[in-house]
Amino acid sequence: RHDAGGTRTELNLSAKSAALGVARAIRGGSTEAAAAAAGAGGIASKLSGAVSTPSGLFQSALIALGVTVAALKAAPSKDDSSDAGKEGGGQAADAKPAPVKSLQYRFLAVFWLLRCADWLQGPYFYEVYASKTFGGVPASLALISRLFLTGFASTALFGPLVGRMADQYGRRAGTLAFSVIYALGAASTKSPLLAVLLAGRVLSGIGTSLLFSAPESWLVGEAMRTDGGGKYLGETFGLAYAGDSLVAILAGQLAGAAASTRGPTGPFELSVLFLVAGGILASLLWGENKAEPASDGDSKPTIREAVEVVKGDPKIALVGGVQSLFEAAMYIFVLQWPPAITAAIASAFGDGVGTPYGTVFSCFMTCCLLGSTVFGRLTKGGVETESSTGGMLAVAALAMACGTLASTSAFASLTSAAWAPLAALVASFFAFEGCVGMYFPSIGTLRSKYVPDSHRSVIMNLFGIPLNVLVVAVFLSIKKLGVSGALGISTAALTAAGACMLKLRGITKGGEPAAAAA
């Protein structure tokens, strides 16, 4: 037989020897238990120390999010299992056509370079203009706000026109024009003249219109001309925006390095290099494609025709409603999360504690990567984009509503825990950013299905008008609204976007949508 310590004893051991053996076993077990407890206490102490500062808290969150993304990507998908079953049965799994692979490589290489150029400028927008002096007086917050709004107004005013030109003269030409125009806007930050800075913001607004229409229109146009290309558009959009999240994180690091060596204009200077590289690559790898002629044979799309197309098809209008409302909510959120997080950190850690904006941004981008990864797996699993988008919008509205509540003083008074507002905000904002990661490949797929190629770029920019009007209106009223009021408007916009998606789902249920290339 075995005693408590697992040592074999002979039957003729004396009672005293047996008692000593048991005592030693018990003492050894207690020592091991104490060691285990000490080890657990040490781990808990380390974890507590890691989250004892805002920087440590968000670094820990970033690691946890990264592990989650890696685990999700590593997990086998339903599509992978299906392919393995086919191969095991002696049947060749459906392979992605070589022309589709080529199209993805050509698009993604250019897209990521151009997106990196855009991301580089974001973190130092305020600082680069705050460093200017006019007549010996530093630029005021009001002046910087006007410069910011100039870009939005330019996008709303010139967007439909540049979209029409991209459809008429070619989407590759529109992408190359973006590289040139955006580079000029970035270069304008070197000037000390207010007029040049304002002109640069106008150019940047025009460039933004092209960035968010011309490359996507080129991809959809090429996919429709490529055998089997349309089938893989959802996958391509998923890859594009999953990679875009990684590009954003990299751009943040590069921007910081450029600013430390070249000052606040350094990231803008580096952005020009990426724009040049993206433009050169587009000119070498992309062929030109233009809008397919409308049914009447007119090869020159007009803005008025585009408006009539939207009015004539409720599915297009509903997709536009989702785009305008979601992106308006997203841009309002971009303006409000820094003060909301800063106030919550001050409540949890005390006044005077710094906010690690760069790490928070990296957490947001990792959440986006998680969302785009989820979209890719749902697409491979055969889930319709209309269904997954409807669910995503519901989650986004709920997350923003929770964030709105957590940002109010009333919420803080409901709990005695100082960390509660921060915990609620972080959870809500992370969930919303995950929805942002799902949104972009989702809306790209929906536009490819419902927006006709004959007016694709101009219609996409028409949808940007209500978006920019809403964002500017909220920005101008921010003193009255406050952070919670602005987030409340975001919640309402997301709820309305969900209603549009629900209506679209109802229209298309049980029937196939009209071909987007029609």
Side-chain angles (χ1 to χ4, degrees), residues 97-118 158-184 203 206-233 235-237 239-240 272 274-303 305-306 309 444-445 447-462 464 515-518:
V100 173
K101 290 183 179 179
S102 173
L103 174 60
Q104 289 181 334
Y105 292 145
R106 289 181 288 131
F107 171 74
L108 293 174
V110 174
F111 180 76
W112 287 334
L113 281 172
L114 300 182
R115 289 292 291 161
C116 187
D118 185 41
F158 297 107
L161 176 61
V162 298
R164 173 182 177 274
M165 295 177 69
D167 282 337
Q168 181 175 345
Y169 297 106
R171 282 71 180 264
R172 184 185 72 165
T175 302
L176 296 177
F178 160 74
S179 298
V180 174
I181 292 171
Y182 217 58
L184 291 174
L203 290 174
I206 295 173
T208 298
S209 298
L210 287 168
L211 175 61
F212 286 97
S213 59
E216 179 182 316
S217 295
W218 180 88
L219 170 65
V220 176
E222 286 296 302
M224 296 305 175
R225 296 170 176 81
T226 301
D227 185 26
K231 175 183 175 182
Y232 291 91
L233 270 175
E235 175 187 306
T236 306
F237 282 122
L239 291 171
V272 172
F274 277 89
L275 290 165
V276 171
I280 292 174
L281 212 56
S283 65
L284 295 175
L285 299 181
W286 291 11
E288 187 59 276
N289 73 52
K290 302 178 182 179
E292 290 289 339
S295 56
D296 60 4
D298 185 3
S299 61
K300 296 182 178 181
T302 66
I303 296 174
E305 287 175 352
V309 169
T445 304
R447 285 191 296 241
S448 71
K449 291 175 69 174
Y450 298 109
V451 178
D453 191 65
S454 59
H455 300 83
R456 185 179 306 280
S457 295
V458 63
I459 288 176
M460 289 172 64
N461 280 286
L462 283 173

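Keep in mind that the numbers below use all heavy atoms, side chains included, and drop hydrogens, waters and symmetry copies.
- For Trp112, there are no ring-ring contact (aromatic ring centres under 6.0 Å, His included) partners, not counting sequence neighbours.
- Taking OH from Tyr182 and CD1 from Ile206, the interatomic distance works out to 12.5 Å, rounded to the nearest 0.5 Å.
- With rounding to the nearest 0.5 Å, the separation of CG in Leu103 from CG in Leu285 is 11.0 Å.
- Applying the side chain to side chain donor-acceptor pair (under 3.5 Å) rule to Glu235 yields the partners Lys96, Gln104; only residues at least two apart in sequence or on another chain are considered.
- Put simply, CD on Glu288 and OH on Tyr169 are 12.5 Å apart, with the number rounded to the nearest 0.5 Å.
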Val162 vs Phe178, side-chain contact (heavy atoms from CB on, under 4.5 Å): CA-CA, chis, key distance, verdict: CA-CA 10 Å; Val162 298; Phe178 160 74; over 6 Å; no

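- At a threshold of 4.0 Å, the pair Arg456-Asp453 counts as salt-bridged, since one of the basic side-chain nitrogens sits closer than that to a carboxylate oxygen.
- Side chains of Leu176 and Ser283 form a contact here, defined as non-hydrogen atoms less than 4.5 Å apart.
- Screening Arg171, Met460, Arg447 against Ser213 for a side-chain contact (heavy atoms from CB on, under 4.5 Å) leaves a single residue, Met460.
- Here the straight-line distance linking atom OG1 of Thr226 with atom NZ of Lys231 works out to 14.5 Å at 0.5 Å rounding.
- By the 4.5 Å heavy-atom criterion applied to side chains, Ser209 and Leu161 are not counted as neighbours.
- If you take CG on Leu275 and CG on Asp118, they are separated by 8.5 Å, rounding to the nearest 0.5 Å.
- Of all heavy-atom pairs between Ala214 and Gly174, the closest is CB-C, 3.9 Å.
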Stepwise side-chain contact (heavy atoms from CB on, under 4.5 Å) check, Trp286 with Thr175: CA-CA 10 Å; Trp286 291 11; Thr175 302; 3.4 Å; yes

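- Here Arg164 contributes atom CZ and Ile303 contributes atom CD1; the two are 6.5 Å apart, rounded to the nearest 0.5 Å.
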